[in-house]
Amino acid sequence: MMIVAKPLPPYSLWVATLTAGIFCLPSYAAENETPKANATFLDQLIINASPVSQTNQQSDSAITSLSYDQLATENATSVSDIFRYTPSVSVSGGAQGDGLITIRGISGNRVLIAVDGVKQAKNLSWSSLNSSRNLIDINALKQVEVISGPASASFGSDALGGLVYYTTKDPSDFLDNPSNTANQSTAGQYRVIYNGANKGLSNSISLAGRNDSLEGMLIYTYEDASEKQTPVDDSAQGSARRSTDPKDTQNESVLAKLKYQLDEHQAVKISAEHLSSDDDTQVLSSNSQDEQFLDIERRQRLSAEYTNDKATRFYDELTVTVDWQKTTNDQTQKFYNAGAPYFGDYVYDADYDETTQDLKLSLQKDLDFSTTAHQVSYGLSYEQTLFEQQRTSSLSGTNRSMPRAESKLVGIWAQDLIEWYDSGLRVTPGIRYDAYTVDAQPDAAYLASNPIELDPGTNTDQKISLKLGVNYPITDAVTVFGQFAQGFKTPDMDQLFANYGRTGAYQFIANSNLKPESSNSLEFGFRYNHAGISGEVVAFYNDYKNFIDETIDYSNPSYPYGIYQQTNLKGAVIKGVEFKTQWDLGMTQQALRGLSLNASLAYATGTYDESGESQPIDSVSPLSGVLGLHYDHPNQQWGSSVIVTAAKGKSANDVSDSATFRPAGYGLIDLAGYYQWTPSLRMDAGVYNLSDKTYWQWDTARDHTQSTSGLERFAESGRHLRLGLTYNF
């Protein structure tokens with residue numbers, strides 16, 4: 001099949017003119033020029049993905065840090081937008097909407113996602129239910145950090161394959177912002193973004209104030225959008241439809257914070273967060289009549305934090321946090337069944353709720369000796385989570401295919417960053433002990449659903465996670481680093497307790513004896529940072545044990561569609577290499593002042609053992625890379641970028657099933673620019689997928705087969721405009 005790029009839509013001429021205009025805009029007068037600081041990605045501060053504050057240059061592992069300014073420049077409005085230029089991280093879903101985050105081939109609940117230290121609800125995919133982990137307001141973010149590898153020695157369960165840590169803004173981010181030149185006691189920001197990919201319009205307003213010892217902040221965001229556009233415009237109905245299904249989306253977010261300075265050393269901070277997402281989809285791609293899908297998601301959080309930085313014998317800084325979070329997913333499927341014997345309108349309503357309470361105590365102490373300095377961090381945590389699922393069918397009524405379950409997790413951890421004064425060598429040993437219990441709590445609704453097991457029981461275990469990291473500056477410009485790190489993950493509710501069956505069809509059997517999944521990781525790399533050129537290359541080897549996966553038994557004729565149960569497999573190995581660099585060309589040649597070049601590359605391969613044979617791991621993405629050329633005027637009044645993203649296609653030997661859909665590789669071109677109209681008013685604009693390429697992310701493609709109808713429906717968005725305006729006051 002030949003796919004021909006569509007003619008440019010009407011707005012593209014305007015966009016082209018705008019982009020050209022950005023390059024030609026006048027600059028500030030020469031006397032007002034302020035040269036740009038030659039900061040690189042290695043100078044970025046890691047604020048939460050490490051127990052101690054340090055830069056990427058000082059880290060003993062590969063950590064990606066993305067600031068809000070970077071995301072604003074790209075007019076990011078979704079999780080897939082956040083990681084568009086991060087080759088080692090991918091997001092499934094395509095035009096269907098953001099799905100699971102994958103880091104180095106590890107996906108789903110094996111990646112820990114946290115907002116201000118609070119773990120996000122797990123993904124539950126069961127029947128028509130597929131809960132999301134992406135209820136995030138990008139306008140409220142200060143920084144996004146990614147650890148590409150196991151991190152359980154610091155963060156405990158679920159950091160098996162990596163960590164995504166979202167940090168939200170504080171009042172001081174507005175009040176102490178350079179744009180607040182008058183140092184006022186109040187400040188704010190209004191931001192509007194148009195996203196042509198889904199015709200979305202997002203409005204966000206932020207207000208902050210300070211009065212003596214009290215400061216506060218309120219951020220409110222509302223977005224109205226439709227379905228994401230794919231390059232193929234198809235009005236057909238049924239499974240062969242090639243366009244995305246029509247969808248109306250409303251997203252709303254409120255984040256409020258209060259901070260009270262009790263005295264010179266003590267402070268209390270209260271945070272409240274409410275997010276909601278409502279999707280109404282007309283499922284024209286269904287073969288059923290009049291199918292509609294309603295997806296309602298809610299996330300509510302309350303957090304309290306106490307800090308004390310008055311030095312004592314036991315700590316220089318103490319932090320106590322208490323968090324409560326409730327996440328609900330309500331997904332309703334409606335359709336008319338025209339086939340015998342069940343004629344009529346049908347409704348399936350699937351609910352998944354997760355409520356978490358946690359308490360964390362963290363302490364830090366600096367110790368100085370004759371030859372070494374120590375930054376000792378230690379603490380403990382307690383987490384209690386209630387999981388609840390049920391499904392209501394107009395055909396069979398209400399049932400719980402798994403009982404309510406409660407998990408309790410206790411963790412104790414310690415880490416010491418040791419630095420030798422004479423050489424700069426930094427060694428970081430760390431250890432964490434976790435003990436957990438996941439307890440099934442059968443109730444009347446569960447027992448009325450005719451489960452196979454009336455009481456599936458309890459799963460309990462304990463785990464020690466170790467880490468040993470090294471960072472050594474060979475010269476002022478070259479640093480070598482590496483680490484050994486372990487990760488683990490407790491079994492999920494559905495893996496333990498899915499317990500449901502129909503004679504003559506299928507059966508799901510609980511397995512409360514599952515062991516936690518675990519991983520051992522080795523990383524080694526070096527960094528270069530000198531004369532405007534910085535770079536990092538890292539090789540990694542991750543060994544995973546006791547992977548939990550589904551087994552299917554077709555031997556019982558009473559269940560011709562199979563008997564399903566979750567079991568621990570032998571394990572898997574993923575290894576690869578990552579590279580990224582940043583080059584300030586103006587440091588090399590004065591005539592190129594303002595130009596910079598960024599490049600990154602990620603390659604990984606993975607296998608698992610099945611019946612004594614090695615099989616490729618489908619979740620590992622193919623070779624991909626990003627190359628960007630950027631220009632910033634010396635006074636930072638305007639700038640522009642050309643970014644090329646490329647990915648290789650999968651070969652038949654790289655997938656476990658030859659029927660899997662394997663799209664060709666692709667190359668994309670994005671154009672973006674900004675203009676600072678005044679110190680308070682800024683415009684960001686970009687045209688993404690300039691050539692209107694029809695392409696698929698591997699994480700989305702691997703869920704389909706070569707014979708799947710309407711594959712273009714699952715492709716990524718075609719050429720589209722994003723435009724943002726930001727006003728600080």
Side-chain angles (χ1 to χ4, degrees), residues 44-63 65 112 114 116-117 145 147 149-157 159 163 165 167 264-267 269 305-322 358-383 409-435 462-473 479-488 521 523:
Q44 287 181 293
L45 190 66
I46 303 167
I47 56 178
N48 275 311
S50 170
V52 296
S53 181
Q54 57 183 326
T55 65
N56 280 311
Q57 178 76 32
Q58 299 168 322
S59 173
D60 51 32
S61 64
I63 297 179
S65 301
L112 193 157
D116 292 338
E145 294 163 296
I147 294 181
S152 290
S154 298
F155 297 95
S157 176
L163 166 75
Y165 200 113
T167 301
E264 181 183 357
H265 298 286
Q266 301 180 87
K269 182 168 66 175
E305 178 183 276
Y306 167 78
T307 57
N308 187 338
D309 61 4
K310 185 176 182 179
T312 71
R313 180 182 305 176
F314 302 102
Y315 63 84
D316 293 330
E317 183 173 339
L318 175 148
T319 304
V320 180
T321 58
V322 180
D358 68 55
L359 170 67
K360 293 187 283 288
L361 170 65
S362 302
L363 305 100
Q364 293 187 18
K365 181 66 179 178
D366 291 343
L367 301 172
D368 292 321
F369 298 98
S370 58
T371 58
T372 60
H374 298 250
Q375 296 183 58
V376 180
S377 307
Y378 61 102
L380 56 88
S381 63
Y382 174 77
E383 178 186 302
L409 179 65
V410 177
I412 304 173
W413 59 274
Q415 176 178 293
D416 184 11
L417 195 164
I418 310 167
E419 182 172 5
W420 275 261
Y421 290 122
D422 57 346
S423 65
L425 171 66
R426 296 159 64 97
V427 178
T428 309
I431 184 171
R432 181 180 177 113
Y433 169 81
D434 287 283
Q462 52 191 347
K463 190 70 177 176
I464 293 178
S465 303
L466 303 175
K467 171 191 171 174
L468 180 62
V470 177
N471 180 291
Y472 178 63
T479 300
V480 295
F481 66 95
Q483 74 162 358
F484 167 78
Q486 294 183 313
F488 90 100
S521 171
E523 277 190 37

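Below, each value reflects all heavy atoms present in this structure, side chains not excepted, and no hydrogens, waters or symmetry copies.
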Check: Thr307 and Leu318 side chains under 4.5 Å, non-hydrogen atoms: no
Qualifying salt bridge (charged side-chain N to carboxylate O under 4.0 Å, His left out) pairs, either residue in residues 415-425, two or more places apart: Glu419-Arg426
side-chain contact (heavy atoms from CB on, under 4.5 Å) partners of Ser377, counting only residues at least two apart: Pro51, Val52, Gln364, Trp413
Verdict with supporting geometry, Gln486 and Ser152, side chain to side chain contact (heavy atoms under 4.5 Å, CB included): CA-CA 6 Å; Gln486 294 183 313; Ser152 290; 6.0 Å; no
Side chain to side chain contact (heavy atoms under 4.5 Å, CB included) between Asp434 and Phe488, worked out: CA-CA 10 Å; Asp434 287 283; Phe488 90 100; 3.5 Å; yes
Qualifying residues under side chain to side chain donor-acceptor pair (under 3.5 Å), relative to Tyr433, sequence neighbours excluded: Gln462
Lys467 versus Ala153, closest heavy-atom pair with distance: CB-CB, 3.7 Å
Spacing of Leu363 atom CG and Tyr378 atom OH [to the nearest 0.5 Å]: 4.5 Å
By side chain to side chain donor-acceptor pair (under 3.5 Å) - contacts of Gln57 (at least two apart): Thr479
Distance in Å, Gln483 CD paired with Ser61 OG, rounded so as to fall on 0.5 Å steps: 4.5 Å
Nearest heavy atoms of Leu409 and Ser157, plus distance in Å: CD2-CB, 4.0 Å
From CG (Asp358) to OG1 (Thr321), nearest 0.5 Å: 6.0 Å
Ser381: partners by side chain to side chain donor-acceptor pair (under 3.5 Å), with sequence neighbours left out: Arg432
OG1-CG distance between Thr167 and Asn48, expressed to the nearest 0.5 angstrom: 4.0 Å
Closest approach of Asn471 to Ser59 (non-hydrogen atoms, all atoms of both residues): ND2-O, 2.9 Å
His265: partners by ring-ring contact (aromatic ring centres under 6.0 Å, His included), with sequence neighbours left out: none
Test ring-ring contact (aromatic ring centres under 6.0 Å, His included) applied to Phe369 - qualifying residues, sequence neighbours left out: His374
Distance-only side-chain donor-acceptor flag, Tyr306 / Gln266, under 3.5 Å: yes
Contact summary for Ala114 and Leu112, nearest pair of heavy atoms: CB-CD2, 3.8 Å
Ile412: partners by side-chain contact (heavy atoms from CB on, under 4.5 Å), with sequence neighbours left out: Leu380
For Lys360 against Gly117, the heavy-atom pair lying closest together: NZ-O, 3.4 Å
Those residues that, when tested against Val480, pass side-chain contact (heavy atoms from CB on, under 4.5 Å) (two or more places apart): Tyr472, Ile474, Phe526
Close side-chain approach of Ile147 and Tyr165, heavy atoms under 4.5 Å: no
Any donor-acceptor N/O pair, Glu145 side chain to Ile47 backbone, under 3.5 Å: yes
Nearest-0.5 Å distance that lies between atom OG in Ser50 and atom CG in Asn56: 10.0 Å
Atom pair CD1 (Ile46) and CD1 (Ile63), whose distance is rounded to the nearest 0.5 Å: 3.5 Å
Pairs involving residues 365-382, ordered by first then second residue, that meet salt bridge (charged side-chain N to carboxylate O under 4.0 Å, His left out) (sequence neighbours left out): Asp316-Lys365
Tyr421 versus Ala373, closest heavy-atom pair with distance: OH-CB, 3.5 Å
Side-chain touch Leu468/Thr428, heavy atoms, less than 4.5 angstrom: no
Pairing residues for Glu383 by the salt bridge (Lys or Arg N to Asp or Glu O under 4.0 Å) criterion, not counting sequence neighbours: Lys119
Under 3.5 Å donor-acceptor, Thr312 side chain and Tyr315 backbone: yes
Flag side-chain contact, heavy atom, 4.5 Å: Gln54 against Leu417: yes
Set of residues satisfying side chain to side chain donor-acceptor pair (under 3.5 Å) with respect to Asp116, sequence neighbours excluded: Thr168, Arg301
